[in-house]
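This report concerns only the one structure given below.
FYI, side chains are in, hydrogens and waters are out, and symmetry mates aren't considered; it's all heavy atoms of this structure. Reminder, nothing fancy here: chain letters follow the sequence lines and each chain counts from 1.
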Amino acid sequence: MKIATFNINGVKARIEALTAWLDATQPDVAVLQEIKSVDEGFPREIFEDMGYNVETHGQKGFNGVAILSKFPLEDVTRGLPGGAGAGREGVDDEEARYIEATVVGLKPVRICGLYLPNGNPAPGPKFAYKLRWMERLQARAQDLLSHEEVALLCGDYNIIPQAEDAARPDAWRDDALFRLDSREAFRRILNLGFTEAFRSREAGSGHYSFWDYQAGAWEKNNGIRIDHFLLTPQCADLLNDCWIEKDVRGREKPSDHVPVWVDLAA
DNA sequence: ATGGTCGCCGAGCGA
């Protein structure tokens, strides 16, 4: 089963590039972030006509996540648990950043698609929201481990895990994507027992999943690696491969992110 | 270089 996570930065602006990419690469599952669309505005028929089952969790203008799957999608849930009690009533659930579904291929896999808050400027209320959101993600991640599920959490984490995941780490030192407290929160989740799929297969530097639209970042290869797959042990046992599809960034009207893939024996 | 570029919508925010 080939699964790609892809922050598409707006489904309406990306529909041509996205359908061409699906046609060419044929993922079994595409986990999308920043659809920037309400559920009713998502062009689901286009993807259904390509053979995909479609589940979305959108909102007006910003954020929004979706899962496209050639296999059936079961037990779909929208929103990260713990929002109502995490701060003021319901506040954490106003942003559509999380969706889960079980993909039933050779073996069922629980797929968790996430768009983790950016958190800038830090410190401040947006950064506090990011850290609170990561605490909730950690709780959900612990549940998946405790139940020994074949599961993965993938998406735009807005976290640069290590210095080798940025072309210019010094430029990100105080940014919400690379601050020590952000990286510590990410490591707390990872250290519960997850495998970070890409890092497990590639120890080196210079592999990025995002290049800013500004200041010629792509042309200078001034990138960062912020789109990740975290696998439970039961899922890591099925990992065949993980790679970043870098060349997508150089195509016509690209997203600022590129797809990251895993191939599972599932 | 106190900007630079996108996408949401149809001004200014978020990234």
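- Residues A:Thr5 and A:Gln33 have side chains that bring a donor and an acceptor to within less than 3.5 angstrom of each other.
- Put simply, CD on A:Glu219 is 14 Å from C1' on B:dC6, counting in whole angstrom units.
- Remark: P of B:dG14 and NZ of A:Lys130 are 15 Å apart, rounded to the nearest angstrom.
- Atom CG of A:Asp256 is separated from atom P of B:dC6 by 10 Å (rounded to the nearest Å).
- A:Tyr115 comes within 4.0 angstrom of the backbone, heavy atoms only, and of no base.
- For the salt bridge (Lys or Arg N to Asp or Glu O under 4.0 Å) condition, the pairs that include at least one residue of residues 69-82 of chain A, sequence neighbours left out, are A:Glu55-A:Arg78.
- Enclosure of atom CD in A:Glu219 by more than 12 non-hydrogen atoms of other residues, nucleotides or ligands within 6.0 angstrom is indicated.
- The CD atom of A:Glu34 sits 7 Å away from the C1' atom of B:dA15 (whole-angstrom rounding).
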Taking only nitrogen or oxygen atoms into account, show me every contact under 3.5 Å that the protein makes with nucleotides 7-11 of chain B, one pair per line with its distance.
from  : atom 1 : to       : atom 2 : distance (Å)
B:dG7 : OP1    : A:Arg14  : NH1    : 3.3
B:dG7 : OP1    : A:Arg14  : NH2    : 3.4
B:dG7 : OP1    : A:Lys253 : NZ     : 3.2
B:dC8 : OP1    : A:Ala13  : N      : 3.4

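- Here, B:dC9 and B:dA15 have their P atoms 15 Å apart, quoted to the whole Å.
- If you measure from atom CD1 of A:Ile224 to atom C1' of B:dA15, you get 10 Å, rounded to the nearest angstrom.
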At a cut-off of 3.5 Å, list every protein nitrogen or oxygen paired with a nitrogen or oxygen from nucleotides 1-4 of chain B, distance to 0.1 Å.
from  : atom 1 : to       : atom 2 : distance (Å)
B:dG4 : N9     : A:Gln214 : OE1    : 3.2
B:dG4 : N7     : A:Gln214 : OE1    : 3.0

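- One P atom belongs to B:dG7, the other to B:dG3, and the distance between them is 22 Å to the nearest Å.
- For the pair A:Asp156 CG and B:dG14 P, the interatomic distance rounds to 17 Å; values are reported in whole Å.
- The separation between A:Asp227 atom CG and B:dA15 atom P is 15 Å, rounded to whole Å.
- Look at OH on A:Tyr129: it is 15 Å from C1' on B:dA15, rounded to the nearest Å.
- Residue pairs meeting the salt bridge (Lys or Arg N to Asp or Glu O under 4.0 Å) criterion with at least one partner in residues 104-121 of chain A, sequence neighbours excluded, are A:Glu100-A:Arg110.
- Screening residues 204-216 of chain A for salt bridge (Lys or Arg N to Asp or Glu O under 4.0 Å) gives no qualifying pairs among residues at least two apart or on separate chains.
- Under the side-chain contact (heavy atoms from CB on, under 4.5 Å) criterion, A:Ala236 pairs with A:Thr195, A:Leu231, not counting sequence neighbours.
- Contacts classified as salt bridge (Lys or Arg N to Asp or Glu O under 4.0 Å) and involving residues 146-167 of chain A (residues at least two apart or in different chains) are given here: A:Asp165-A:Arg199, A:Asp165-A:Arg225.
- Here A:Ala185 pairs with A:Leu131, A:Met134, A:Arg188 under the side-chain contact (heavy atoms from CB on, under 4.5 Å) rule; sequence neighbours left out.
- Residue-level contact check: A:Arg97 touches the backbone only, with heavy atoms under 4.0 Å from sugar-phosphate atoms and none from bases.
- Applying the side-chain contact (heavy atoms from CB on, under 4.5 Å) rule to A:Ala163 yields the partners A:Pro169, A:Phe178; only residues at least two apart in sequence or on another chain are considered.
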